[in-house]
**Student:** 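Right, I'll just put the structure down here and ask away after.
In each ligand, atom 1 is the first atom listed, and ligand 1 is the first ligand listed. The structure displayed is predicted, hence computed values, not measured ones. Positions are given from 1, in the same order as the sequence printed here. Only heavy atoms go into these numbers, but all of them, side chains included; no hydrogens, no water, no symmetry mates.
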Amino acid sequence: MQTSPATTRLAPSPTGDLHLGHARTFLLTAALARSQGWRILLRLEDLDRHRVVAGASERTVEMLAWLGIDWDAPPTRQRDDLRPFEDAMRRLADAGWIFACTLSRREIREAASAPHGHEGEPRFDPRLRPPPGDSWRFARGDQSHRLRVEPGEVAFVDQLLGARRFDPSAECGDFAVWTREGVPSYQLAVVVDDARQGVTDVVRGDDLLASTARQILLQRALGLSPPRWWHLPLVADAAGARLAKRHGSTSLESLRATGATAERISGLVAWWCRWIPERAPLDPRTLRELVTPESLRALVAREQDPAARPRVDEETLRWLRDA
Ligand code: GLU
């Protein structure tokens, strides 16, 4: 029986400045949460030391508040306490799920039967696993560890996209759960934190759909029940490519500095979603009345066609600045 309220989380990585694509995903997530009576948590995913940018956590929190988003507990930072992740690693090791891996990326690539797996990461072939023994224990520290992935598809139902299936054993093979830098990988960190923070509803960009199957494997190995999944399409740039954090002109900070208001961003998002007939400033709280599971499903169905996904071009930026 569920005793605590439904909960979602905003999980930005402080690896650069938030842009209009983040604004859409986070505004829709927060509006859905409020319309459904869910709690909202804010979690800064700051484990990747090489990608985290100094000051980006603070700026991210500030920009989310500026957008009119609120949350129900002080923001957490994953790096502040690694113990829950280490505990999970010990549980995985006790059940024979993980092994230490000292192979280089090149060695893994050379052994891969497919030229490369998902997202440029070489697929880790099961024949590269170490023999039974010490390597199948968790040595806290800077040795990378991988999860044993058995052949077979992972099926799940996305609340917006419907039934989906992926085959992690074919896409990525045994994937990293602990990195050489001595911190959990994204996949492990997100699974452990979603569980311990009581997250019941994960709303995020659909670039993470394939990761969902990997996270389900980890949840099964750890005996955790999966949350509900809601994957939203991403916004593109003028050329139709995914917006990146390096696209300075679409960063929320540079937009704010050049005259954009949070009301204009909320209005743009509602217009992109075709919930208002014309592009016009909108109180961020009004978004809550427009966002329902059904209105999001209609949006997601339409935007399965990449040509229907909104694009951020110069004209959009000028309108936001009222220039
Ligand atoms: N921190 C991840 C990102 O910024 C999102 C994680 C998630 O929502 O599961 O891409």
**Student:** In terms of atom number and element, which parts of ligand 1 are under 4.0 angstrom from non-hydrogen atoms of R9?
**Tutor:**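 Counting atoms of ligand 1 from 1, those under 4.0 Å from R9 are 7 (C), 8 (O), 9 (O).
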**Student:** Numbering the atoms of ligand 1 from 1, which are under 4.0 Å from a heavy atom of E45?
**Tutor:**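 So the answer, numbered in order with elements, is 1 (N), 2 (C), 5 (C), 6 (C).
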**Student:** Taking the six-membered ring for Trp, are the ring centroids of F138 and W178 within less than 6.0 Å of each other?
**Tutor:**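 They qualify: ring centres under 6.0 Å apart.
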**Student:** Looking only at the aromatic ring of each residue, does the gap between the centers of F124 and F99 stay below 6.0 angstrom?
**Tutor:**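 Ring centres of F124 and F99 closer than 6.0 Å.
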**Student:** Can you establish whether the number of heavy atoms outside R196 located under 6.0 Å from its atom CZ is more than 12?
**Tutor:**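 Yes, enclosed.
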**Student:** Does the residue Q215 have a heavy-atom contact with ligand 1, meaning some pair of atoms that are separated by less than 4.0 Å?
**Tutor:**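 It does not; every heavy atom stays at 4.0 Å or beyond.
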**Student:** Are I276 and L28 linked, directly or through other ILVMFWY residues, by side chains that come within less than 4.5 angstrom of each other?
**Tutor:**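 Yes, because I276 and L28 connect within a single hydrophobic cluster, where side-chain heavy atoms sit under 4.5 Å apart.
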**Student:** Find all atoms of ligand 1 within a distance of less than 4.0 Å from any non-hydrogen atom belonging to Y186, and give their numbers and elements.
**Tutor:**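 So the answer, numbered in order with elements, is 6 (C), 7 (C), 9 (O).
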**Student:** Roughly how far, to the nearest 0.5 Å, is the CH2 atom of W71 from the CZ atom of R9?
**Tutor:**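 CH2 of W71 is found 15.5 Å from CZ of R9.
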**Student:** Would V190 count as a polar contact of ligand 1, with the cut-off being nitrogen or oxygen pairs under 3.5 Å?
**Tutor:**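 Between V190 and ligand 1, no N or O pair is found under 3.5 Å apart.
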**Student:** Below 4.5 Å, heavy atoms only, C-beta onward: do D194 and R43 meet side chain to side chain?
**Tutor:**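 They are in side-chain contact.
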**Student:** Which ligand 1 atoms does R204 reach within 4.0 Å, using its non-hydrogen atoms?
**Tutor:**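 Listed by number with element, the hits are 7 (C), 8 (O), 9 (O).
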**Student:** If we set the cut-off at 4.0 Å for heavy atoms, which region of V202 has an atom near ligand 1: side chain, backbone, both, or neither?
**Tutor:**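 The answer is neither.
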